[in-house]
There are 2 protein chains.
Amino acid sequence: MLKGHLDAIVLAALEGGPAHGYAIIEAIKRRSGSTFDLPEGTVYPALHRLEQAGLLASTWMTPPSGRKRRVYSLTRSGTAALADRRRAWSRFSQAVETLLKGGHTWPA
Amino acid sequence: MLKGHLDAIVLAALEGGPAHGYAIIEAIKRRSGSTFDLPEGTVYPALHRLEQAGLLASTWMTPPSGRKRRVYSLTRSGTAALADRRRAWSRFSQAVETLLKGGHTWPA
DNA sequence: TTCCATACCTAGCATATCTAGGTATATGTC
DNA sequence: GACATATACCTAGATATGCTAGGTATGGAA
């Protein structure tokens, strides 16, 4: 479960340059060692939402062989949003780490 | 937002011994440096859910002064579940970390 | 020619957290 | 005595987010 970190992951995937939805899904799976094998029904709506929000821009491309693809790239606000998400993740994960660490006791 | 890791956090809070709901909320806030300031409407239902699932047990206690409290403690399955959740968190956070790291490129 | 991989899409479901209310007791303050 | 605040519990319903499960279409491999 990604619960709220999907946007960050998708934005980060596009940091290395433009890509189309299907390739993004494959990359997330590969790079995460299959920990995240996201269904299309999760990723495509997310891409639409992010474009709607102005964080991504898209254009249709027809490759030499194969079918049409919608290629997404980060906008300026997308890049800024990614930086925000990274900070949010850092804060979040450090807090969880601390809470899960163990060794906490109750005041008398 | 806790993004699905609330159960782990609550279970971990009770690892140091039994406690009542209100104290758990305060502890999570304090230990997380206010990153998680959870509303009661989030935590109480979670406690009920975890008790229903057999991961927690509760008894009513009346302290020398103050009103009645429902005190929760980890069951045996609760302890096991916590270990599972810790593993899940570890896997999850490492995957996100990798994906957010940056420096990824697209194959030619 | 049949199957699989590629590539896109959406409606509706499931679930988890939060909002916003409610009840009640004890303590401190004006 | 009156009133506010902190403690302590509870729940119905709204909201958000990801997933299920379906659909369309093209191109290459067996």
Check: Which residue, Pro39(A) or Trp60(B), contacts DNA chain D at a nucleotide closer to its 5' end, judged by nearest heavy atom?
Finding: Trp60(B)
Item checked: Residue-level proximity of residues 11-28 of chain B to DNA chain D when a heavy atom falls under 4.0 Å -> His20(B), Gly21(B), Tyr22(B)
Next item on the list: Is it possible for you to check whether Arg31(B) lies under 6.0 Å from the centre of the six-membered ring of Trp106(A), through NZ or CZ, and within 45° of that ring's axis?
Entry: yes
Check: Is the shortest side-chain N to carboxylate O distance from Glu15(B) to Arg86(B) below 4.0 Å?
Finding: yes
Checklist line | Exam field: side chain Thr42(A) to backbone Leu38(A), donor-acceptor pair closer than 3.5 Å | finding: no
Report all interatomic pairs (protein N or O, nucleotide N or O of nucleotides 23-26 of chain C) with separations under 3.5 Å.
residue, atom, partner, partner atom, Å
dA24(C), N3, Arg67(B), NH1, 3.2

Notebook entry, point to check: Has the side chain of Thr75(A) got a donor or acceptor atom that lies under 3.5 Å from a matching backbone atom of Gly54(A)?
Noted result: yes
Short heteroatom pairs, N/O only, protein and nucleotides 1-3 of chain C, under 3.5 Å:
none

Check: Near DNA chain C, under 4.0 Å by heavy atom, which residues of residues 80-90 of chain A?
Finding: none
Check: Can you tell me if the side-chain N/O atoms of Arg70(B) get under 4.0 Å from OP1 or OP2 in dC9(D)?
Finding: no
Check: Which residues within residues 41-56 of chain B lie with some heavy atom under 4.0 Å of an atom in DNA chain D?
Finding: Gly41(B), Tyr44(B), Pro45(B), His48(B)
Margin query: Just to verify, what does Ser58(A) make a side-chain hydrogen bond (donor to acceptor under 3.5 Å, both in side chains) with, not counting sequence neighbours?
Written below: Glu51(A), Arg70(A)
